[in-house]
Student: 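Could you have a look at this structure, given as structure tokens, before my questions?
Being a predicted model, the structure only gives us computed values, none of them experimental.
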Amino acid sequence: MKRLLILTALLPFDALAQPLNTMNNPNQPGYVIPSQQRMQTEMMSQQQQQKGMLNQQLNTQTRMQQQSLQNQMNTNTQRVQQGQMREQPLPNKNGGMLGGMSSSGSGQQHMLPSQSNGSMLNPQN
């Protein structure tokens with residue numbers, strides 16, 4: 001009887017001997033050490049922050065390169081336009097080599113004889 005009384009007295013303490021958090025049992029598969037889990041969470045947040053900063057730097061660098069290329073294109077366009085405005089046609093007396101040569105015999109010596117339409121089909125030799 002004395003044993004039964006002691007056993008009933010200790011029975012409520014048996015419930016306290018069970019782990020309070022059964023999900024955080026080192027003997028269970030998938031157990032994660034809390035400090036390790038905290039460290040992983042901090043590292044993940046740091047990686048996300050660094051990724052965001054790198055993306056921002058990449059966007060800034062890309063934007064600056066685009067602006068620089070646009071400025072170069074604008075500068076080159078202005079140079080070409082200014083160069084075209086400065087160009088002046090050279091004086092061309094008597095048509096130069098394109099025509100208007102003198103009708104003297106010496107001017108005609110180096111030129112091919114004139115051909116009329118269809119003359120190549122009917123040789124006169």
Side-chain angles (χ1 to χ4, degrees):
M1 181 73 147
K2 198 173 189 183
R3 287 184 187 172
L4 188 60
L5 186 60
I6 293 175
L7 186 60
T8 54
L10 293 178
L11 198 59
F13 293 111
D14 184 43
L16 295 176
Q18 293 294 325
L20 296 176
N21 186 356
T22 58
M23 300 301 290
N24 200 15
N25 186 351
N27 297 325
Q28 295 290 328
Y31 171 75
V32 179
I33 301 170
S35 60
Q36 186 178 11
Q37 189 174 15
R38 263 193 314 275
M39 189 180 301
Q40 286 177 344
T41 305
E42 288 177 17
M43 289 176 67
M44 293 272 289
S45 66
Q46 285 178 355
Q47 286 177 348
Q48 288 177 350
Q49 287 176 350
Q50 289 173 350
K51 183 179 177 183
M53 289 170 49
L54 287 174
N55 282 337
Q56 188 175 6
Q57 289 174 352
L58 180 65
N59 290 340
T60 303
Q61 186 178 10
T62 303
R63 195 176 320 112
M64 290 176 63
Q65 286 177 343
Q66 287 175 343
Q67 288 175 351
S68 175
L69 289 173
Q70 187 65 44
N71 289 341
Q72 287 178 359
M73 287 174 53
N74 291 343
T75 302
N76 290 341
T77 303
Q78 288 176 355
R79 285 181 184 163
V80 168
Q81 288 174 348
Q82 289 174 357
Q84 287 175 350
M85 290 177 11
R86 289 182 188 159
E87 287 180 11
Q88 296 177 356
L90 296 174
N92 193 0
K93 297 179 181 174
N94 296 329
M97 293 178 61
L98 298 177
M101 298 198 68
S102 64
S103 59
S104 67
S106 64
Q108 294 285 345
Q109 285 179 348
H110 300 291
M111 297 183 69
L112 292 173
S114 63
Q115 302 287 334
S116 63
N117 202 7
S119 65
M120 296 292 284
L121 299 175
N122 301 322
Q124 296 176 356
N125 294 6

Student: I need the Q46 CD to Q48 CD distance, nearest 0.5 Å.
Tutor: 11.0 Å

Student: In the hydrophobic clustering that connects Ile, Leu, Val, Met, Phe, Trp and Tyr at side-chain heavy-atom distances below 4.5 Å, which members other than M43 occupy its cluster, ordered by chain and number?
Tutor: M39

Student: Not counting sequence neighbours, which residues clear side-chain contact (heavy atoms from CB on, under 4.5 Å) with S35? List them please.
Tutor: I33, R38

Student: Which residue pairs pass the side chain to side chain donor-acceptor pair (under 3.5 Å) test with at least one member in residues 53-73, sequence neighbours excluded?
Tutor: Q70-N74

Student: To the nearest 0.5 Å, tell me how far M53 CE sits from L58 CG.
Tutor: 13.5 Å

Student: Between K51 and Q47, is any pair of side-chain heavy atoms under 4.5 Å apart?
Tutor: no

